[in-house]
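Notes follow once the structure below has been shown.
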Amino acid sequence: MATPLSDTSLSPLKTIAVVGLGTMGTGITEVLAKAGREVIGIDISEAQAATAVAALEAATARAVERGRLTEQERADALARVRTSTDLAAAADADLVIEVAPESYEIKQQIFRELDGIVRPETILATGTNALSVTRLAADSARPERVLGLHFFNPAPAMKLVEIVSSVLTAPGPVAAVTDLAIELGKEPVAVGDRPGFVADGLLFGYLNQAAAMYEAHYASREDIDAAMRLGCGLPMGPLALLDLIGIDTARTVLEAMYAASRDRLHAPAPILKQLSEAGLTGRKSGRGFYTYEAPGSATVVADALTPAAAGTGTPGREVRSVGVAGSGTMASGIAEVFAKAGYEVVLAARSEEKAQAAKARIGKSLSRSVDKGRLTAEAAAQTLDRITPAGSYEAFADVDLAVEAVAEDLEVKRQLFAALDKVCKPGAVLATTTSSLPVVACARATSRPQDVIGMHFFNPAPAMKLVEVVRTVLTADDVHATVREVCVKVKKHAVDCGDRAGFIVNALLFPYLNNAIKMVQEHYASLDDIDAAMKLGGGYPMGPFELLDVVGLDVSLAIEKVLHREFRDPGLAPAPLLEHLVAAGCLGRKTGRGFREYARR
């Protein structure tokens with residue numbers, strides 16, 4: 001929380017009017033009042049203004065209970081807020097922040113009225129995240145003093161503020177609101193005027209693709225949301241987030257983005273229109289993608305689409321021993337996961353030496369777990385004893401489940417599956433950890449495609465909870481059941497998806513990363529500003545460029561190409577900047593240079 005400031009330390013923007021006292025306007029009012037500003041809250045609805053005051057009283061009372069405010073500070077903050085239903089109350093404001101509904105007609109009417117009310121030097125800010133700041137400014141008598149000031153919800157908690165300049169905005173107002181944002185304890189990011197700006201421009205494309213994925217019945221809403229939370233470390237899944245934002249709001253933002261970009265990735269998924277027009281707008285209406293206990297409630301209740309309890313379907317095959325093919329980081333991690341869960345593991349590589357090195361890597365990983373108190377020395381020793389290294393896949397003769405984790409090359413994988421087909425006993429389940437290649441192509445390399453399935457673990461396998469379980473059109477029901485049961489035993493969260501490029505996580509993640517690269521390529525925003533915007537405004541654990549450099553630009557490019565080839569959408573074509581960096585050998589952290597430079601170890 002920003003500490004209340006004395007009058008002498010305040011910027012020139014001391015009296016601020018907030019027009020529109022919905023959730024966002026109320027949150028902004030709270031931030032301003034607690035930071036020592038005089039705030040005039042204006043709403044055409046007297047009831048809404050009263051609701052906002054009650055919400056402020058409740059929020060500041062909670063802050064006192066948690067020791068974040070004293071009773072005197074609370075009383076002073078509340079005393080700095082007054083409300084009105086008349087826009088004329090903004091006459092003495094140094095800054096007016098408009099957070100009315102996302103409609104040009106409504107916002108333009110407010111700005112026209114303000115022109116006749118406020119002083120010539122007053123700054124007018126719009127809180128829009130979807131509409132053109134330039135268009136709003138052009139209708140104003142003083143367009144040079146109009147800008148965008150985009151807070152994120154909930155405003156008291158979220159650190160990011162996007163400060164949006166149009167081609168008409170003068171530098172002075174931008175500097176003044178930037179200083180204000182810093183004094184409020186926020187992180188300002190300067191951006192140009194385009195729909196969605198940085199954070200929402202990247203976020204809403206991703207949300208739209210998730211809605212389209214659900215609409216296509218590719219995966220359940222629960223699996224899509226779990227995949228993105230567990231696979232990417234996001235605080236919420238995309239469909240739950242759409243319900244929180246408001247499906248009607250998301251549709252409005254996407255319509256504006258599509259009108260500007262004509263990118264099909266921004267064309268609102270039809271299900272967003274269907275839900276909006278049915279009044280199923282998310283949490284605020286009590287139903288959207290999910291059903292809630294009551295309008296405004298965050299508590300999800302079961303409905304007709306809620307999955308049945310696990311364990312009611314086809315029984316799986318018995319799995320006592322597991323073969324893991326490969327010697328890299330992923331293979332070692334998967335072998336460790338199975339051995340920790342009590343399975344006998346054969347870890348096979350192209351040579352005995354590589355297999356022994358992989359086992360030694362697992363030994364070091366287990367030692368680190370012991371050092372951190374996550375595992376006893378005895379448990380670590382028992383885990384390592386369950387792993388038998390082998391220099392040939394012939395050692396898989398008796399395994400019940402064989403999992404390959406070799407190079408992401410289809411021909412290499414096909415050759416391996418042809419070999420597994422010869423050495424593995426009848427009834428053994430054969431799984432691929434591919435993240436982007438067709439599982440059915442691996443299956444067709446065998447004489448038993450019904451026994452082949454995808455088990456996409458995430459790196460590092462011992463830490464990441466997600467496994468994407470990928471059925472092909474040929475996969476047997478009991479093979480699918482077997483893998484689901486195994487995931488439970490190894491304490492992983494399994495999500496079901498079909499055999500198409502990217503599965504759930506990569507199909508949603510990499511277009512978002514690609515769009516971030518396009519923003520830099522078009523000189524719209526800097527690497528640092530985009531990374532900061534997504535961490536602070538979207539709750540992402542890493543910014544897109546941090547993540548790209550960790551994943552590897554070559555790996556990212558390969559996945560982008562697979563997605564583009566499969567879906568044939570021009571918006572999925574890899575950004576030329578990514579291709580240029582890969583061609584130059586700038587692959588990220590592993591080469592010391594990607595989007596950023598790194599100290600060589």
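Keep in mind that this is a model prediction, so the values were computed, not measured. For the single chain, residues carry numbers from 1 onward in sequence order.
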Candidates R317, R471, R484 - the one meeting salt bridge (Lys or Arg N to Asp or Glu O under 4.0 Å) with D478: R317
Within 6.0 Å of CD in E411, more than 12 heavy atoms from elsewhere: yes
Side-chain donor/acceptor of Y218 to backbone N/O of G498, under 3.5 Å: yes
Backbone N/O of V490 and side chain of Y343: donor-acceptor pair under 3.5 Å: no
Contact check, side chains of M330 and I334, non-hydrogen atoms, under 4.5 Å: yes
Heavy-atom side-chain proximity of E560 to E579 below 4.5 angstrom: no
Min side-chain heavy-atom separation K340-S369 under 4.5 Å: yes
Least distance between heavy atoms, A525 atom then I530 atom: CB-CG1, 3.7 Å
Residue pair T433 / E404: nearest heavy atoms and the distance that separates them: OG1-O, 2.9 Å
Reported CG-to-CG distance for the pair D223 and D496, which is rounded to 0.5 angstrom: 5.5 Å
Test side-chain contact (heavy atoms from CB on, under 4.5 Å) applied to L202 and Y540, step by step: CA-CA 12 Å; L202 294 176; Y540 282 65; over 6 Å; no
Distance-only polar pair, side chains of T475 and T472, donor-acceptor under 3.5 Å: yes
Heavy atoms of other groups near E353 CD, more than 12 under 6.0 Å: no
Atom pair CD (Q209) and CG (N515), whose distance is rounded to the nearest 0.5 Å: 7.5 Å
Atom CG of D398: over 12 foreign heavy atoms under 6.0 Å: no
K425 NZ: over 12 foreign heavy atoms closer than 6.0 Å: yes
Least distance between heavy atoms, I453 atom then V439 atom: C-CG1, 3.8 Å
Salt-bridge contact K489-E485 (side-chain N to carboxylate O under 4.0 Å): no
Backbone N/O of T314 and side chain of D477: donor-acceptor pair under 3.5 Å: no
Flag side-chain contact, heavy atom, 4.5 Å: V520 against I517: no
Any D531 side-chain heavy atom under 4.5 Å of R596 side chain: yes
From L581 atom CG to L553 atom CG, the distance as rounded to the nearest 0.5 Å: 6.0 Å
The single option from I247, L239, L241 passing side-chain contact (heavy atoms from CB on, under 4.5 Å) against D243: I247
Distance-minimising heavy-atom pair for R589 and V550: NE-CG2, 3.6 Å
Value rounded to 0.5 Å, distance of CD1 in I362 from NZ in K364: 12.5 Å
Shortest non-hydrogen separation from L563 to A501 and the atoms involved: CD2-O, 3.5 Å
pair V322-V486: side-chain heavy atoms closer than 4.5 Å: no
Mutual orientation of the aromatic rings belonging to F289 and Y214 [parallel < 30°, tilted 30-60°, perpendicular > 60°]: perpendicular
Gap separating the CD atom of E468 from the NZ atom of K492, nearest 0.5 angstrom: 13.5 Å
Full working for salt bridge (charged side-chain N to carboxylate O under 4.0 Å, His left out) between R287 and D303: CA-CA 10 Å; R287 187 176 158 199; D303 59 20; 5.7 Å; no
Donor-acceptor pair, side chain of E293 and main chain of T299, under 3.5 angstrom: no
Main-chain N/O of A155 paired with K186 side-chain donor or acceptor, under 3.5 Å: yes
Contact summary for D421 and S447, nearest pair of heavy atoms: OD2-N, 2.8 Å
side-chain contact (heavy atoms from CB on, under 4.5 Å) between F338 and I387, intermediate numbers included: CA-CA 9 Å; F338 281 113; I387 299 172; over 6 Å; no
Side-chain heavy-atom pair V467, H493 within 4.5 angstrom cut-off: no
Nearest-0.5 Å distance that lies between atom OG1 in T446 and atom CZ in F417: 8.0 Å
Pairwise side-chain contact, L265 with L572, heavy-atom cut-off 4.5 Å (strictly under): yes
